[in-house]
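Single-structure report; data block below.
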Amino acid sequence: MPPLQPLQGMADLAGPEVAVWQVLEARAHDLLKRHGYAEVRTPILEPTDLFARGLGDTTDVVQKEMYTFTDRGGRSLTLRPEGTASVIRHVAARGAEGLSARLYYLGPMFRSERPQAGRRRQFHQVGLERLGEPDPLADAEVIALQVDLLADWGLEGTRLLVNTRGTPEDRVAVSKGLQVALRPLAEALCEDCRRRIDTNPLRVLDCKRPACQEATRDVPSPVSWMSPESRVYFDTVVRALGAMGLDAEPTPRLVRGLDYYVHTVWEITHPGLGAQDAVAGGGRYLLPLEGKGIPGVGFAVGMERAVLALESAGRLPEPPRPPHVVFLAGLGQAAGLANLGLARDLRRSGLTVLAGDCHRSLKSQLKSADKASADWALIRGEDELARREVTLRRLRDGWQTTVPDDPDAVRNALVETNES
RNA sequence: GUGGGCGUAGCUCAGUCGGUUAGAGCGCAAGAUUGUGGCUCUUGAGGUCGCGGGUUCGAAUCCCGUCGCUCACCCCA
């Protein structure tokens, strides 16, 4: 049987849903540009190395979630699982000038995971990267921008969770410290957590089992193993957010899966999303490329999740309706032909012009006009053809008149009937 | 990758102690109105009951397999 549906975890986006996405995307373009960010469109396909080195060899994304294949030249290519690495590659290639760039992007990402609510294999993100400026105030500004973007979309009831991962050195210290603190508790922990003590001790603190939460209650916060500088950095971010009126919740358990993050990481959650409740996330990073660490801070917003959250809150945007929609109804081939020309003229003057099937009855064509919520119908049958005119019907109330078959005359008549 | 739930008309779903021709609402089409929409009424089209196999006189219904969807784990947007 031929595959009539997209691949698992991928979907056609069509109908009214597309209109919603277009609204959100348009608002994102507008808002981000007003904040001084410029769009960058990087390839969807990249050398596998870009991600493997950028995100970290041991991350779940790289180890088991990438769509990777070998091309005809024997090179290993990967469908991008996230946007940051490509943007960094882009700016790194243009030297010092690029290193203070503010760029945003928007588009599909691919991860080969099992789909569930709010998780697709092809999903879409709008994200941005602010390079340079290793300053906590930059982190706060980017976080605030992300909050503002979601608010601009109409999303309410979000929570802002923030945490710090410290520096790479801090992370080693935290891991060691946590392992020492957790080992004595191993007996009380679940099987998964006992394994996590070695593989990912931070994760133990985030276990959902009540028994594990209880057992780790007195384990010190990870930040207690970090350097004073890192703690100050994080405090400054939190204070700056507070000064901007944002209620940031320090969340020591918040872990991000990509290796490149340093210092600030955050997530914005929404209760309408189910298990995958993060609608957006981000962090400061030091992305290794060409032997250098490139500093930046960035975020990504999940389009699908944003739409889900808006939907659950009943806050989906209303796509704007074209202000003036004209429907051309024709009876027979000759009328249909004449309508083709009139339609072009009217469209050139900025009107939205739809047309019916001239081989179908007037009744069914008017039905279509109604369904398309057109404002006017222009009717052309044998009578109108003979008299070189068209019948203009105002669909709102059924009032109608005839006008000469001339684009200017029609346009003027439309304006007049609209005002009367 | 692992586990649970679900696959019946274009859509949302009834129908399963196995038993005539598988139903409804919405949508779609035609008509009631010689060339006039929305409301109403009438009529109609549309189904390999996901697919394959098995049990049975007989399967949408029971069994096995498979594909797909969905939710959750892991992890992330």
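The sequence lines fix the lettering, A, B, ..., with proteins before strands; numbering per chain opens at 1. The model shown is predicted, which means the values in this text are computed figures rather than measured ones.
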If we take the P atom in both B:rU43 and B:rG23, what is their distance in whole Å? 16 Å
Quote, to the nearest angstrom, the P distance that separates B:rG50 from B:rA9.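 Per the computed distance, 8 Å lies between those P atoms.
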Check: Looking at residues at least two apart in the chain, or sitting in another chain, which of them share a salt bridge (charged side-chain N to carboxylate O under 4.0 Å, His left out) with A:Arg388?
Finding: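 Partners of A:Arg388 under the salt bridge (charged side-chain N to carboxylate O under 4.0 Å, His left out) test: none.
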Hits for salt bridge (charged side-chain N to carboxylate O under 4.0 Å, His left out) against A:Asp397, two or more places apart or cross-chain, chain-then-number order -> A:Arg394
Just call it for [X]: base, sugar-phosphate, or nothing, with non-hydrogen atoms closer than 4.0 Å on any strand.
{"X": "A:Asp277", "answer": "nothing"}
{"X": "A:Gly398", "answer": "base"}
{"X": "A:Gln146", "answer": "nothing"}
{"X": "A:Glu304", "answer": "nothing"}

Results of side-chain contact (heavy atoms from CB on, under 4.5 Å) for [X] - residues two or more places apart only:
{"X": "A:Glu82", "answer": "A:Phe51, A:Leu55, A:Thr84, A:Ala85, A:Arg111, A:Leu258, A:Tyr260"}
{"X": "A:Glu382", "answer": "none"}
{"X": "A:Asp30", "answer": "A:Arg34"}
{"X": "A:Ser224", "answer": "A:Pro220"}

Assert: residue with more 5' nearest nucleotide on RNA chain B, out of A:Leu362 and A:Gly302, is A:Leu362
Point to revise | Closest-nucleotide 5' rank along RNA chain B - winner of A:Ser112 and A:Asp383 | key: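 Closest to the 5' end, via its nearest nucleotide, is A:Ser112.
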For residues 310-325 of chain A, the salt bridge (Lys or Arg N to Asp or Glu O under 4.0 Å) pairs (sequence neighbours left out) are A:Glu156-A:Arg315
Quick note, salt bridge (Lys or Arg N to Asp or Glu O under 4.0 Å) partners involving residues 10-20 of chain A, not counting sequence neighbours, are none
Quick note, side chain to side chain donor-acceptor pair (under 3.5 Å) partners involving residues 179-189 of chain A, not counting sequence neighbours, are A:Arg183-A:Asp198
**Item:** Gap between atoms CG and P, on A:Leu328 and B:rU36 respectively (whole Å)
**Value:**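 Nearest whole value for this atom pair: 19 Å.
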Handout entry: Nearest-angstrom distance from the residue atom CG of A:Leu128 to C1' of B:rA77
Key =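 A:Leu128 atom CG is separated from B:rA77 atom C1' by 14 Å.
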In RNA chain B, consecutive runs of at least three Watson-Crick or G-U pairs below 3.5 Å, as range with range, amount to B:1-7 with B:67-73, B:10-13 with B:23-26, B:28-32 with B:40-44, B:50-54 with B:62-66
For residues A:Thr402 and A:Glu384, is any side-chain donor paired with an opposing acceptor at under 3.5 Å?
no
OG (A:Ser175) and CG (A:Leu202) are apart, to the nearest 0.5 Å, by 6.0 Å
Any protein N or O atoms within reach of nucleotides 30-32 of chain B? Criterion: under 3.5 Å, listing atom names and distances.
none

Could you run down the sub-3.5 Å N/O contacts of the protein with nucleotides 70-73 of chain B?
{"from": "B:rC71", "atom 1": "OP2", "to": "A:Ala117", "atom 2": "N", "distance (Å)": "3.0"}
{"from": "B:rA72", "atom 1": "OP1", "to": "A:Ala275", "atom 2": "N", "distance (Å)": "3.1"}
{"from": "B:rA72", "atom 1": "OP2", "to": "A:Gln116", "atom 2": "NE2", "distance (Å)": "3.2"}
{"from": "B:rA72", "atom 1": "OP2", "to": "A:Ala117", "atom 2": "N", "distance (Å)": "3.4"}

Closest to side chain of A:Phe123, choosing from B:rG35, B:rC74, B:rA77
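Minimum distance to the A:Phe123 side chain belongs to B:rA77.
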